[in-house]
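Residue numbers start from 1 in every chain, and the chains themselves are labelled A, B, ... in the order their sequence lines are given, proteins ahead of strands. Note that the coordinates shown come from a computational prediction; the quantities given were computed from them, not determined experimentally.
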There are 2 protein chains.
Amino acid sequence: MSSQERKKSRVTLLDVARHASVSRATASLVLRKSPLVGSETRARVEQAMRDLGYVYNIGAARLRVERSQIIGAIVPNLTNPFFAELLSGIEEAIGATGKVVILANSGERVERQSMLLQRMREHGVDGVVLCPAAGTEPDLSEQLAAWGMPVVQVLRHISVDMDYVGVDYAGGMRQAVDYLASLGHEKIAFAVHGPFHSAYRERVDGFRDAMLAKAFDPEILIHLPPQLGEIADSTHLLFAKATQPTAVICFNHLVALGLAAGLHDCGLTIGRDLSLIGFDDVADAEAIRPRLTSVSTGPTAIGEMAARLLVERIANPDLPPRRVVNDTTLSVRQSCGRPA
Amino acid sequence: MSSQERKKSRVTLLDVARHASVSRATASLVLRKSPLVGSETRARVEQAMRDLGYVYNIGAARLRVERSQIIGAIVPNLTNPFFAELLSGIEEAIGATGKVVILANSGERVERQSMLLQRMREHGVDGVVLCPAAGTEPDLSEQLAAWGMPVVQVLRHISVDMDYVGVDYAGGMRQAVDYLASLGHEKIAFAVHGPFHSAYRERVDGFRDAMLAKAFDPEILIHLPPQLGEIADSTHLLFAKATQPTAVICFNHLVALGLAAGLHDCGLTIGRDLSLIGFDDVADAEAIRPRLTSVSTGPTAIGEMAARLLVERIANPDLPPRRVVNDTTLSVRQSCGRPA
DNA sequence: CTGAAAGCGCTTACAG
DNA sequence: CTGAAAGCGCTTACAG
């Protein structure tokens, strides 16, 4: 079928109305399932739609009502399985409402993020779920407000003026530290990496607070490079500080994977020579041996929740800003033992 | 800002035109960077756009020209890191053309996939990149053609009438088998799982052909359950056949991860007691110890290629259907040795 | 280069 | 329940 034929064969609501011998207004009411239309008429119209192969044109409808049924989702890194799970939760929940999600990857770049927001705005998205790129200025929030763009921040926050769905990183750190302390550990390192943002700060602060609460040295922070392969090869950094840790908490799933591999390379046995706790608990925590004890943050559920909040926000723009902070759970598996 | 104020403050092209003392037509030409407009006029119009905070309304434009600048991407499983990388390639390449991608997850369910295609059609997508759910009937292709919907199949194909971008699974199998044979292996198992589709068939057929070419027994197929945890616990199935394999090729990355873990649980050393080859080579092949020798399929590049083909197809609907089949590369690492 | 006009496919009062 | 009409914001000939 050539594109010309296609264009000619476009069936409109008026065609449907004529075929069913009703007015266009009535056909439109049937389309939107209005109770104003009698069931016999409705059936006739629906039959006409089938007969003619009618396709609803949301774009045209949108021009009248100010609602596109499209929402945007911007994440800093699609390749990270953690964000993939987040996205999967967003898509699931948004799809369930009959809407559709435009996906974009900011690649942790602020200018690219601006461009994407602008593009989404031109597409008339009803709102966006945003995991702000590291370095995003707080005043982005004012711009978005000036645009009248409903947004919910997810996992990272830049402003208290916008909805936020995230996780209780401090609580997670406490769970990890308390658990290690119960095993007898006192010299606990926190292995971090990646760019600086609210979730980074909350994890580090949470770690320090949890350590201080136990009167442990809160300053054993190990800075690791961003790439998976490089992390494994940087495992020696764990032992480069004055204090030799007997346990290490990982910033996230990538750090845990990398260190697990690196420790193996060093000939060290996890759980015996050194205890290891993961964070963010993505599916393959199960695939590491020994199985990785991990603080679970439930990215899928967070994505669903963020989507739900956005839908509410769109329906009711004047709601005060909300914060939803999910609890973490500690999944005890086999990577921690008593200090050597 | 209330939603009412927002509506009132909508700046249209006509406002811009008046502000710049030109006609709406001229303003429209400036918008689309037509060379017909003089540079002085152009500058005045652009200034007016800035002054007024004009936002281009793609939806309205779309109603005139039959092009939404939206494309759809449907994958069977977002959570699988392999598909996340694919998607990342698609998003990247589509974004580079200024278009936007609507993402959806079929969850490997055919009816859901139909619903998603219909929904995307109502949104007027210019085309879709589809990784068809297992069980998709070939006649979906006819329906899509009747719709006049440009589509490129990716990774899995259901019809020769539509563009396809995939990987040379048979070639990959040959690489794996030949490599193992060069190490002295003859009893090689293929560990499969998941639903049936073209990529499944091509891998299995490719495995058999490669084995037959070496005059090895081509029938050591091990069927594993779909979930990561269950795979590890099913490792004993490798040894339940009459012939005990000395090496196993994994259907994909999940199988490789699961079996690596399971073999560890059985007290077996990979590369010494049993050789293991992965397939699909996602990032964490590096995180397994020993490092996993793997057949790389490059999902990101495939996503980019599929996006590029779709853009071409949209521009030129009458092109004959094309097939792009990427070569795999064998990444030799440390999980294979000589037979025990 | 510009202006006036038609039209894309829908929704929404409004009068019947 | 129905019909006629206006309008959402843009693009596209067309005549100047």
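- Between B:R32 and D:dT12 there is a side-chain N or O to OP1 or OP2 distance below 4.0 Å.
- Remark: side-chain polar atoms of A:E304 are not paired, donor with acceptor, to backbone N or O of A:I90 under 3.5 angstrom.
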Output field dot_bracket for DNA chain C (Watson-Crick or G-U, both distances under 3.5 Å, | for other-strand pairs) contains |||.||||||||.|||
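- A:S21 places no side-chain N or O within donor-acceptor distance of the main-chain N or O of A:A17, the cut-off being under 3.5 Å.
- Comparing A:A61 and B:V22 by the nucleotide of DNA chain C that holds the closest heavy atom to each, the one mapping nearer the 5' end is B:V22.
- At least one donor-acceptor pair closer than 3.5 Å links the side chain of A:Q113 to the backbone N or O of A:A133.
- The distance between atom CG of A:L63 and atom C1' of C:dC8, rounded to the nearest whole Å, is 9 Å.
- One interatomic measurement links the two molecules: CG of A:L14 to P of C:dT11, which rounds to 13 Å at whole-angstrom precision.
- For B:V65, counting side-chain heavy atoms from C-beta on, the closest listed nucleotide (D:dT11, D:dA6, D:dG9) is D:dT11.
- Taking atom CZ of residue B:R24 and atom P of nucleotide C:dA5, one finds them 11 Å apart after rounding to whole Å.
- Comparing C:dT11, D:dT2, D:dC10 against the side chain of B:T12 picks out D:dC10 as the nearest.
- OP1 or OP2 of D:dG3 has at least one side-chain nitrogen or oxygen of A:S23 nearer than 4.0 Å.
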Polar pairs (N or O, both sides) under 3.5 Å between protein and nucleotides 13-16 of chain C?
none

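- The OG1 atom of B:T12 sits 7.5 Å away from atom CZ of B:R18, with the distance rounded to the nearest 0.5 Å.
- The side chain of B:S28 contributes no N or O atom lying less than 4.0 Å from OP1 or OP2 of D:dC10.
- Proximity of A:T26 to the phosphate of D:dT2: a side-chain N or O atom is located under 4.0 Å from OP1 or OP2.
- In the set C:dG9, C:dA6, D:dG7, D:dG7 carries the atom at the smallest distance from any side-chain atom of A:R64.
- Between the B:H197 side chain and the B:A199 main chain, a donor and an acceptor come within less than 3.5 Å of each other.
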